[in-house]
Amino acid sequence: MQVRVLAEENEALRETVEELSATLAATGASVAAHGMRLDALDAGSSELRSKVATNATNVSTLASRKAAEVNFADFSLLTARVVAGEAVAAGAARAASEAGLQVAALRGAVEMLSEGGGGSTGAGGARTMGAFDALFHTRLASVEGSVKAVRGELRAAVVELGGSCASVAQLDEVAAAVATRARQADIQTLATQQAALATSINGMAEWLAMRPETADGAKGTGGSATKFKCLTCDREIQSQGTPNGRDAAAKGLVLPRLDGMHGTTSMPSGPGTVRLKSPARGAEYEVGAWTTASVPMAVESSLGEMGGSGVGALGSPVRASRAHAHVADVNDTHLRDLMADEARCASLIKEAGGIYADFSRQCVTGKTMELLLSLAEAAGLSAKIEAMFSGQHINAAEDRAVLHVATRARREQVITDGGVNVVPEVWEVLDKIKAFSESVRSGSWSGATGKPLTNVVAIGIGGSFLGPLFVHTALETEPSASSAASGRQLRFLANVDPIDVAAALRGLNPEVTLVVIVSKTFTTAETMLNARTVRKWLQAKLGDGCVSKHMVAVSTNTEFATQFGIDPGSVFGFWDWVGGRFSVCSAVGMLPLALQYGFEQCASFLEGANMMDEHFQGVPLKDNLPVLLGLLCVWNASFLGHATSAILPYCQALAKLAPHIQQVSMESNGKGVDMAGNALTFDAGEVDFGEPGTNGQHSFYQLIHQGRVIPCDFIGGRIIPCDFIGVIDSQQGIALSGEVVSNHDELMCNFFAQADALAVGKTPEALRSEGVPEGLVPHKTFSGNRPSTSLLLPACNAHTLGQLLALYEHRVAVAGFVWGINSFDQWGVELGKVLAGKVRKTVADARKQAREVDASDGLGYSTTRMLNKFLQAGRGPHGDGASGSSDVFPAGLL
């Protein structure tokens with residue numbers, strides 16, 4: 001607050017400072033001028049030292065055991081916990097001691113204000129000291145909570161392992177290597193406490209810089225900046241001024257954030273100190289320099305620096321005045337101006353593996369990209385990518401590795417889970433798929449009547465359906481794949497709706513039909529009902545013993561598959577480290593696709609995906625296609641507020657790409673909490689949709705081009721960022737004599753034009769210059785400034801499809817890594833399943849007893865009334881509303 005008559009209160013302030021100094025000296029502590037309740041500080045510091053000593057004793061006890069009695073995985077976990085715990089505990093103790101230094105510097109500031117005159121009342125000075133007192137005690141409570149958490153972690157480690165550890169020296173040797181293997185939840189608990197401490201320390205620094213100087217160093221009344229020189233790194237920094245000194249405490253005459261001035265770490269670490277000198281005042285100050293690079297804390301910090309949508313993402317309110325600065329700058333710059341900068345455009349065009357990616361039509365500047373890459377660094381993106389590829393259990397909620405990259409690894413690669421190389425298991429299944437598909441395609445594996453199996457029906461839902469369908473649709477019209485599939489049919493059955501059953505089986509002969517059931521647990525309700533339905537369809541024609549010749553399974557549950565009637569040798573395995581939406585490259589996709597197109601096409605697809613995996617893992621972030629796509633997703637969703645994204649392939653073969661990526665993206669990143677279960681304070685995730693061009697142009701492009709934009713700071717309104725995907729060489733060549741361009745060139749002309757139209761738009765001035773009637777000008781105006789990315793593929797074949805799939809899979813992972821969420825679980829789909837089970841029981845009972853649903857069924861008024869409408873007599877498949885004892889199929893299927 002601004003001091004008014006401080007000169008008149010000098011004596012009172014000096015007496016206050018002397019009293020505080022005398023009290024502090026009595027404690028024998030190193031802090032000479034504390035300015036707070038020193039009895040609490042002394043007791044708190046003693047307790048902290050005692051707790052840290054207890055932790056050290058725990059570590060020593062663990063270290064005295066023999067290493068041979070504990071396996072490496074447990075040892076690594078324990079080590080990470082101990083290292084992280086001790087770092088925070090020791091840092092917390094140092095923070096308590098450092099409090100005195102902070103207050104000593106504060107006393108200097110009070111004296112400095114006293115000497116300079118100005119204006120305050122005695123009550124104002126007391127309120128200032130009271131504010132500092134409250135800050136300190138808030139921090140002390142946080143320190144105590146942090147140490148308690150550390151002690152709990154160490155105690156839990158001892159109880160869990162019940163074994164031994166190696167020497168302290170050995171702990172130190174492996175600490176760096178295993179630190180990142182600590183469970184995210186463990187680290188997050190500690191880091192959250194640490195961040196609270198860092199906030200208090202930064203608050204102290206901000207108070208110190210609260211009084212600005214004029215250009216000549218005299219104490220001013222506001223509106224200018226206080227300059228400091230860091231005595232640690234010789235860097236000059238300055239506080240930020242505000243127009244009115246009275247608002248300094250609220251609006252932030254603050255130092256730049258000190259946490260991170262001297263580097264950050266991926267693990268919670270203790271505080272250091274930064275010594276600052278004000279040349280104009282000749283005074284030195286010592287303030288905390290915490291490094292809080294945990295996620296999502298680092299993300300929130302970077303969101304605050306860059307400007308995010310929603311105040312919750314901006315960090316401390318004192319920094320809010322500059323937090324939005326970069327987003328505001330970007331919003332004030334039109335894409336038509338950015339696109340005129342050829343050097344900028346060239347820097348935003350990347351190529352990898354034949355894929356040409358143009359990001360120049362995104363609403364970004366060079367500064368934006370620098371900040372996004374800094375955000376990636378703060379989020380530990382590189383380490384998280386490596387953790388995924390190395391088999392660490394980054395799916396913490398389910399304690400699983402995330403290794404879909406292993407399903408397309410080359411035979412000689414090594415990718416481990418729990419120290420075991422999983423690649424040989426992957427190739428064992430791939431070799432089995434190759435042998436089986438060749439035997440079916442050659443006719444050596446025949447049906448129950450001896451006829452070759454030329455039709456395949458794949459039963460699965462979600463990732464077991466959308467991914468394989470995308471690849472199948474894309475290969476159907478590719479010449480080499482189409483030739484390999486001559487005389488064969490591949491159909492998919494996903495929906496439990498009987499209409500889908502009828503469509504999948506219509507016109508098929510059971511004698512030449514092979515069914516692939518895809519269910520990891522062999523218990524998925526929709527899939528297993530469809531499987532039983534198709535089994536009945538087969539048995540009605542071929543007899544009960546036909547199942548072993550006409551049905552195979554992709555599952556981890558061989559027992560259930562065998563009980564279903566499937567030969568154990570016809571069960572193709574996959575693993576719990578493959579999520580359904582990431583399973584295309586496993587037997588989930590490769591078995592039906594190899595049966596249709598031959599294993600050679602599958603091998604090319606896997607090679608393409610593997611190539612993109614290696615690009616993702618090995619190329620620097622600034623040139624990494626999935627990383628750039630993912631960071632731009634974060635930029636559009638979390639900073640610009642664009643909640644929707646359109647995938648627009650100008651290739652009909654890619655018609656099913658958008659539905660598949662819709663699941664990959666929305667099921668992965670449709671989360672509202674971080675890894676530790678804390679509610680996100682910034683926007684994350686996006687709504688994905690799409691349609692091939694030029695069909696989409698005559699459908700929803702109207703809204704994409706001219707949909708209402710809400711004129712509100714940092715809110716994107718209905719702007720929909722787009723991914724345009726084009727192909728240089730079409731799968732099918734058509735050119736008519738006399739036409740200006742070929743069919744494919746006509747398609748691609750629209751591909752190029754739409755991206756520019758979205759970016760540049762058309763102004764009212766341009767329309768008027770063309771003589772457009774004034775009444776039509778508003779209707780024909782295109783605002784432009786609507787972001788898009790253009791991807792150009794050399795062709796649409798098995799290899800490039802693998803690349804494209806992996807590109808989008810990794811794009812989704814990158815966004816999730818930066819947001820600090822778990823992109824590899826999907827609890828959001830569970831509740832509906834549970835409630836459906838309750839409704840299923842009620843419907844079955846109501847059908848059987850020909851009764852109405854009532855309140856005793858516990859479904860609520862609205863659902864009860866709507867169910868009774870549905871269950872009216874005669875609406876059941878048997879025509880009498882009852883379940884019946886006979887099978888009912890659509891006409892013509894049996």
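The structure presented is a predicted model; accordingly, all values stated were derived computationally and were not measured.
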Taking NZ, NE, NH1 and NH2 as the nitrogens, is one of them in [X] or [Y] under 4.0 Å from a carboxylate oxygen of the other?
{"X": "R851", "Y": "D857", "result": "yes"}
{"X": "R491", "Y": "E476", "result": "no"}
{"X": "K432", "Y": "E428", "result": "no"}
{"X": "E852", "Y": "R847", "result": "no"}
{"X": "K671", "Y": "D825", "result": "yes"}

Tell me, please, which residues at least two apart from S555 pass side-chain hydrogen bond (donor to acceptor under 3.5 Å, both in side chains).
->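 Expected list: none.
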Take the angle between the ring planes of Y650 and F724 and call it parallel below 30°, perpendicular above 60°, tilted in between.
->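 Judged by the thresholds at 30° and 60°, the geometry between Y650 and F724 is tilted.
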In terms of the angle between their ring planes, are Y701 and H705 parallel, tilted or perpendicular, with boundaries placed at 30° and 60°?
->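 Plane angle between 30° and 60°, so tilted.
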Please say whether more than 12 non-hydrogen atoms of neighbouring residues, nucleotides or ligands are located less than 6.0 Å from CD in Q732.
->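 Yes, CD of Q732 has more than 12 neighbouring heavy atoms, counting only those of other groups under 6.0 Å.
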Does one side chain, of N822 or N395, offer a donor that lies under 3.5 Å from an acceptor on the other?
->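 The criterion, which ignores hydrogens and geometry beyond distance, is satisfied for N395 and N822.
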Using distance alone, with no hydrogens and no angle criterion, decide if D688 and S665 have a side-chain donor and acceptor under 3.5 Å apart.
->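 Their side chains do contain a donor-acceptor pair, which is all the 3.5 Å distance test asks for.
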Taking every non-hydrogen atom, the tightest pair across [X] and [Y]:
{"X": "V584", "Y": "L805", "value": "CB-CD2, 4.0 Å"}
{"X": "I461", "Y": "A494", "value": "CD1-O, 3.6 Å"}
{"X": "A806", "Y": "D613", "value": "CB-OD1, 3.8 Å"}

Do W537 and F889 have their ring centres less than 6.0 Å from each other?
->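 No: the rings miss the under 6.0 Å criterion.
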Heavy-atom donor-acceptor pair, S439 side chain to F436 backbone, under 3.5 Å =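 Judged by distance alone, yes, a pair lies under 3.5 Å.
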Can you tell me if S483 uses its side chain to pair, donor with acceptor, with the backbone of P479 under 3.5 Å?
->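 No, the answer is negative, given that no donor and acceptor are paired below the 3.5 Å cut-off.
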Heavy atoms, side chains only, cut-off 4.5 Å: are L466 and K656 in contact?
->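 No, every pair of side-chain atoms sits at 4.5 Å or beyond.
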Is it true that the NZ or CZ of R400 lies under 6.0 Å from the centre of F824's six-membered ring and within 45 degrees of the ring axis?
->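 No, a cation-pi geometry is absent between R400 and F824.
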For H550, check ring-ring contact (aromatic ring centres under 6.0 Å, His included) against everything at least two apart and list the hits.
->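 For H550 there are no ring-ring contact (aromatic ring centres under 6.0 Å, His included) partners, ignoring immediate neighbours.
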Among Q662, Q826, H660, which residue meets the side-chain hydrogen bond (donor to acceptor under 3.5 Å, both in side chains) test with R581?
->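 Answer after filtering Q662, Q826, H660: Q826.
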